[in-house]
Protein chains: 2
Amino acid sequence: MTAVNGRASTTASGADAGSAGGSAAAGYGPAGDTVAAVVRQWQAVHPRIDTAPMEIIGRINRCAALLQQAEDAPLRHAGLTRPEFDVLGTLRRTGHALTPGEIARETFSSGAAVTKRLKQLGERGLIERHGDTRDRRVTHVHLTDAGRDLVDRVLPEQLSYERTALSGLDDDAQRGLAAALGELLVQLEGRLGGPRG
Amino acid sequence: MTAVNGRASTTASGADAGSAGGSAAAGYGPAGDTVAAVVRQWQAVHPRIDTAPMEIIGRINRCAALLQQAEDAPLRHAGLTRPEFDVLGTLRRTGHALTPGEIARETFSSGAAVTKRLKQLGERGLIERHGDTRDRRVTHVHLTDAGRDLVDRVLPEQLSYERTALSGLDDDAQRGLAAALGELLVQLEGRLGGPRG
DNA sequence: CCTAAACCTTTTACTAGTAAAATACCTGCT
DNA sequence: AGCAGGTATTTTACTAGTAAAAGGTTTAGG
């Protein structure tokens with residue numbers, strides 16, 4: 001990913017901090033986080049504006065950017081980008097071979113992007129392709145032993161890193177946040193993701 | 001945002017759906033969102049693993065990806081990418097000229113990326129540069145009238161779009177989520193963003 | 001004064017994504 | 001059978017980011 005790129009100045013694409021409002025780094029005052037500072041600036045410029053969405057969406061984006069930056073460390077140490085790890089992880093957790101199309105749907109990426117990643121991962125011996133004998137348009141992708149071992153080695157490191165990143169919140173706060181995000185996600189997936197098949 | 005590119009197949013950067021675990025699109029069962037389905041798959045493969053971090057981080061990433069996709073619509077309609085709008089918005093909300101370095105810090109992007117965006121935006125007549133007379137390394141960037149008008153026109157559309165995206169949650173849920181995310185963000189910014197100056 | 005170090009911005013070379021076209025194949029209809 | 005249309009994957013042309021180096025300028029020390 002670009003997404004995996006470090007920023008830290010963080011990444012682009014990845015993820016910019018601000019929602020509609022962009023983002024702020026310096027000089028955040030009384031209330032605390034950078035998003036609150038951005039909202040305050042907008043309020044000063046356009047007092048009538050309803051900035052409520054920024055307080056959720058801006059924060060989600062900013063959290064995603066910061067976490068990604070942090071999470072990249074263990075992955076990069078293993079020589080993987082996040083999208084590459086997503087491919088391997090998808091194969092590992094489903095437990096069976098998948099077609100490139102299925103991987104694309106599972107990881108929410110384009111088919112072309114998956115093709116490129118599979119090429120890379122294949123060259124490194126982490127996955128293999130086998131053509132379908134029935135339908136020769138289709139290929140089946142599966143993890144090699146090396147690929148499976150890599151996932152099983154990296155995943156605990158990754159989760160440990162994530163636990164550390166979240167450790168500023170107590171267990172109750174974490175459970176509450178997970179539940180609230182789950183509620184939002186159900187809404188968004190129904191609304192934006194389409195009444196999926 | 002890279003984190004914030006549209007995907008939706010969405011984009012990179014932006015943001016993949018899964019945290020450590022990658023992401024799932026199809027076949028989500030009882031509990032509801034795609035992240036819950038991914039977590040269930042991992043539990044089946046590695047029953048001892050503590051997947052709690054995925055339930056927060058995976059959901060943040062997935063929400064960011066979905067929202068981005070949705071939010072890109074009004075911006076694209078105005079011929080802007082999100083990072084470009086972030087630059088314009090930063091100039092608008094601070095209310096005065098900024099140097100490229102300051103813009104980079106405000107938008108959490110690299111200096112090189114800002115240089116490219118400023119070039120684009122300058123060619124479209126939305127911003128202008130003026131060299132500093134004291135320190136000739138420095139340039140000052142400010143919005144043109146056209147740039148300011150564009151921001152003032154797009155921002156309400158953007159916020160309106162965001163409000164719609166969030167409308168599945170009632171006001172209390174939105175306030176609670178904003179507060180919980182703010183708490184997390186304060187922690188992350190202190191921990192990962194550095195004890196900023 | 002003059003040089004070394006630090007700084008701000010831009011340039012260069014490269015990477016990884018996207019959209020759309022191309023390729024190859026299957027399915028169903030007549 | 002043969003062809004129209006749809007599907008799965010890859011390829012092509014391009015875009016926008018990154019890291020690192022370069023260019024030009026100021027600041028501090030001797």
Side-chain angles (χ1 to χ4, degrees), chain A residues 1-16 65 68-69 72 76 79-87 97-105 107-123 129-141 197, chain B residues 1-16 65 68-69 72 76 79-87 97-105 107-123 127 129-141:
Chain A
M1 268 177 238
T2 272
V4 165
N5 319 327
R7 292 202 184 175
S9 310
T10 187
T11 234
S13 226
D16 290 300
Q68 217 145 38
Q69 177 189 356
D72 281 350
R76 189 153 32 205
L80 292 171
T81 64
R82 166 174 289 279
E84 283 170 346
F85 186 73
D86 261 10
V87 170
L98 295 170
T99 67
E102 287 167 340
I103 295 170
R105 279 187 291 277
T107 61
F108 305 102
S109 7
S110 71
V114 169
T115 295
K116 284 197 177 182
R117 283 173 210 149
L118 292 176
K119 194 178 159 200
Q120 273 275 335
L121 295 170
E123 285 167 1
R129 293 163 154 110
H130 297 291
D132 186 301
T133 45
R134 301 283 186 127
D135 184 340
R136 281 184 301 184
R137 291 170 303 183
V138 175
T139 65
H140 295 282
V141 179
Chain B
M1 324 133 335
T2 67
V4 178
N5 317 330
R7 297 202 179 175
S9 317
T10 179
T11 234
S13 233
D16 290 301
Q68 217 144 38
Q69 178 188 353
D72 282 350
R76 191 154 30 206
L80 291 172
T81 63
R82 166 173 288 280
E84 283 169 347
F85 185 73
D86 261 10
V87 169
L98 295 169
T99 67
E102 288 167 340
I103 294 171
R105 279 186 291 277
T107 61
F108 305 102
S109 7
S110 70
V114 169
T115 295
K116 284 196 177 180
R117 283 174 211 147
L118 292 177
K119 193 179 159 198
Q120 274 275 337
L121 297 169
E123 284 166 2
I127 59 107
R129 294 164 155 109
H130 296 291
D132 187 302
T133 45
R134 300 285 186 123
D135 183 342
R136 282 185 299 182
R137 291 170 303 185
V138 174
T139 66
H140 296 281
V141 180

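Proteins get letters first, then strands, A, B, ... in listed order; numbering begins at 1 in each.
In this structure, the nucleotide among C/dT9, D/dG17, C/dA16 sitting nearest to the side chain of A/K116 is C/dA16. Among the nucleotides C/dT10, C/dA19, C/dG17, the one closest to the side chain of A/A112 is C/dA19. Considering only side-chain atoms of B/V138, the nucleotide from C/dC8, D/dT18, C/dT18 that sits closest is C/dC8. Picking from D/dT18, C/dG17, D/dT9 the nucleotide with the shortest atom distance to the side chain of B/A113 gives D/dT18. The listed nucleotides are C/dA16, C/dT9, D/dT18; the one nearest the side chain of B/T115 is C/dT9.
In this structure, A/Q69 atom CD and D/dA19 atom P are separated by 11 Å, rounded to whole Å. Distance A/D132 CG to D/dT7 P: 17 Å, rounded to the nearest Å. D/dT15 atom P lies 17 Å from atom CG of B/L80, rounded to whole Å. Atom CD1 of A/I103 is separated from atom P of D/dT9 by 9 Å (rounded to the nearest Å). A straight line from CZ of A/R76 to P of D/dA19 spans 8 Å, rounded to a whole angstrom. Here C/dG17 presents its C1' atom at 16 Å from CZ of A/R82, a figure rounded to the nearest Å. Taking atom NZ on B/K119 and atom C1' on D/dA16, their separation rounds to 12 Å, with Å as the unit. Straight-line distance from the CG atom of A/L98 to the P atom of D/dT9: 11 Å, rounded to whole Å.
A sub-4.0 Å separation between OP1 or OP2 of C/dA16 and a side-chain N or O of A/T81 is absent. In this structure, B/S109 does not reach the D/dG17 phosphate: none of its side-chain N or O atoms is under 4.0 Å from OP1 or OP2. In this structure, B/S110 reaches the D/dT18 phosphate: one of its side-chain N or O atoms is under 4.0 Å from OP1 or OP2. Proximity of A/R129 to the phosphate of D/dT9: no side-chain N or O atom is located under 4.0 Å from OP1 or OP2.
Residues B/T99 and B/D132 fail the side-chain proximity criterion, which asks for heavy atoms closer than 4.5 Å. Using a 4.5 Å heavy-atom cutoff, the side chains of B/K116 and B/K119 are not in contact.
The structure places CG of B/L98 at 11.5 Å from CD1 of B/I127, a figure rounded to the nearest 0.5 Å. Rounding to the nearest 0.5 Å gives a distance of 11.5 Å between OG1 of B/T107 and CD of B/E102. Within the model, atoms CZ of B/R117 and CD1 of B/I103 stand 10.0 Å from one another, a figure rounded to the nearest 0.5 Å.
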Restricting both atoms to N or O, compile the protein contacts to nucleotides 24-26 of chain C shorter than 3.5 Å, with distance only.
from: C/dC26; atom 1: OP1; to: A/R134; atom 2: O; distance (Å): 3.2
from: C/dC26; atom 1: OP1; to: A/R136; atom 2: N; distance (Å): 3.2

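Scored by the side-chain hydrogen bond (donor to acceptor under 3.5 Å, both in side chains) test, B/R137 finds B/D135 as partners (sequence neighbours excluded).
Toward the 5′ end of DNA chain C lies the nearest nucleotide of B/G101, the other residue of the pair A/Q120 and B/G101 mapping further downstream.
Of the candidates A/T81, A/V141, A/L121, A/V87 forms a side-chain contact (heavy atoms from CB on, under 4.5 Å) with just one, namely A/L121.
Taking both residues in full, the closest heavy atoms of A/H140 and A/A97 are given as CB-CB, 4.1 Å, listed atom of the first, atom of the second, then distance.
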